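It should be emphasised that the depicted structure is a prediction, and the values quoted were computed from it without experimental measurement. Every chain is numbered from 1, with letters handed out A, B, ... down the list of sequences.
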2 protein chains.
Amino acid sequence: MYRIGVMAARCGLKADTLRFYEKSGLLVPSSRNEAGYRLYNAADEAKLNFILRAKSVGFSLEEIAELLSIRLESAEHSCAEPKLITDMKLQQVEAKIKELEIFRSSLQKLSDSCCGGSESASHCSILEALDASDKEALC
Amino acid sequence: MYRIGVMAARCGLKADTLRFYEKSGLLVPSSRNEAGYRLYNAADEAKLNFILRAKSVGFSLEEIAELLSIRLESAEHSCAEPKLITDMKLQQVEAKIKELEIFRSSLQKLSDSCCGGSESASHCSILEALDASDKEALC
DNA sequence: CTTGACCTTGGAGTTAGGTCTAAGCTTTAG
DNA sequence: CTAAAGCTTAGACCTAACTCCAAGGTCAAG
Ligand SMILES: [Zn+2]
Ligand SMILES: [Zn+2]
Ligand SMILES: [Zn+2]
Ligand SMILES: [Zn+2]
């Protein structure tokens, strides 16, 4: 049974973060001592590791809460549910990547067009491209 | 000279957004009428289009403010400045893409491993992978 | 016994980019 | 003339995931 500071240190988090996870319904420590201190056991630590692994693949805390509730009563849920959550997240991530790839290619084009020298920016092609009424230039 | 609603409609924004841009120092309309109504002229609209183009390549409002201040007094700035801002943004975007690509491949692996069927989730390989003390499984 | 580290709570603050509300003018259409 | 639409302001609210603070209780070491 670890107190919050030890538990946090073991997992590389701050105590505040564990309190925040508790308030969010993600991880309620299994017990308290007489003084009201939170006490975390091995199962709590396993659950926290689940949370951290889920975070590391990009799930939001809300999605993790869903996954945890499925895990808790897995017999009453089907395989389709975690898969759906995963596939929806995958789609979001892919959409975001596509958006950022467009940013990247536009930025690369802007950067390439600019000499980057020390002379006046009054002819800078980055500023000109952003000013252009001709929208072709950016995409 | 357009009032705020017309200006917003012309650019596909809400009036609130224009007020927000003004409060942020991005776009202060060139005049007001006797009643205190904001009046935007063609130069204001050009500036707003600069802002929108800069947004469309991924610049934050803060970065756009910098670019605008360079644009305003371009003679006193060098080409190196817009290029530096652009290259820093490019690096941020590339870092974010890399992070999301790791998410994507992990999520794809999770999704592929799960049957997605209607039977019980108690053997679901997504939940198992997130539970695994073996960290290899996720990356 | 006291000092300092650790814990409790509720609640506020952070970032970014808006979005909305309320109370009260102004303008415009019928 | 009147009603509706549009404008003004200050300031609150939104998301996400924390992060920090204050005031006070607990606990271990010296
Ligand atoms: Zn140049
Ligand atoms: Zn340049
Ligand atoms: Zn299955
Ligand atoms: Zn499954």
Original post:
Heavy atoms under 4.0 Å, any strand shown: does A:Arg19 hit a base, just sugar-phosphate, or nothing?
Top reply: base
Original post:
Between A:Phe50 and A:Arg71, is there a cation-pi geometry (under 6.0 Å to ring centre, at most 45° from the normal)?
Top reply: yes
**OP:** Please say whether more than 12 non-hydrogen atoms of neighbouring residues, nucleotides or ligands are located less than 6.0 Å from CD in A:Glu62.
**Re:** no
Original post:
Closer than 4.0 Å, any side-chain N/O of A:Ser24 to the OP1 or OP2 of D:dA17?
Top reply: no
Subject >> Closest to side chain of A:Ser60, choosing from D:dC18, D:dA17, C:dG18 >> reply: D:dA17
Subject >> B:Leu61 side chain, from C-beta outward: closest of C:dG18, C:dT19, C:dT26 >> reply: C:dG18
Original post:
With respect to the side chain of B:Tyr37, which nucleotide from D:dT19, C:dC6, D:dT8 is positioned closest?
Top reply: D:dT8
Subject >> Cationic N near anionic O, under 4.0 Å, B:Lys98 to B:Glu101 >> reply: no
Original post:
Is the shortest distance from a Lys or Arg side-chain nitrogen in B:Arg32 or B:Glu22 to a carboxylate oxygen in the other one below 4.0 Å?
Top reply: yes
**OP:** Specify the separation, in whole Å, of atom CG of A:Leu26 and atom P of D:dA16.
**Re:** 13 Å
**OP:** Measure from the side-chain heavy atoms of B:Arg38 and tell me the nearest of C:dT19, D:dT9, D:dC18.
**Re:** D:dT9
Original post:
Hey, does B:Lys23 reach any base, or is it just sugar-phosphate, or nothing, if we go heavy atoms under 4.0 Å?
Top reply: nothing
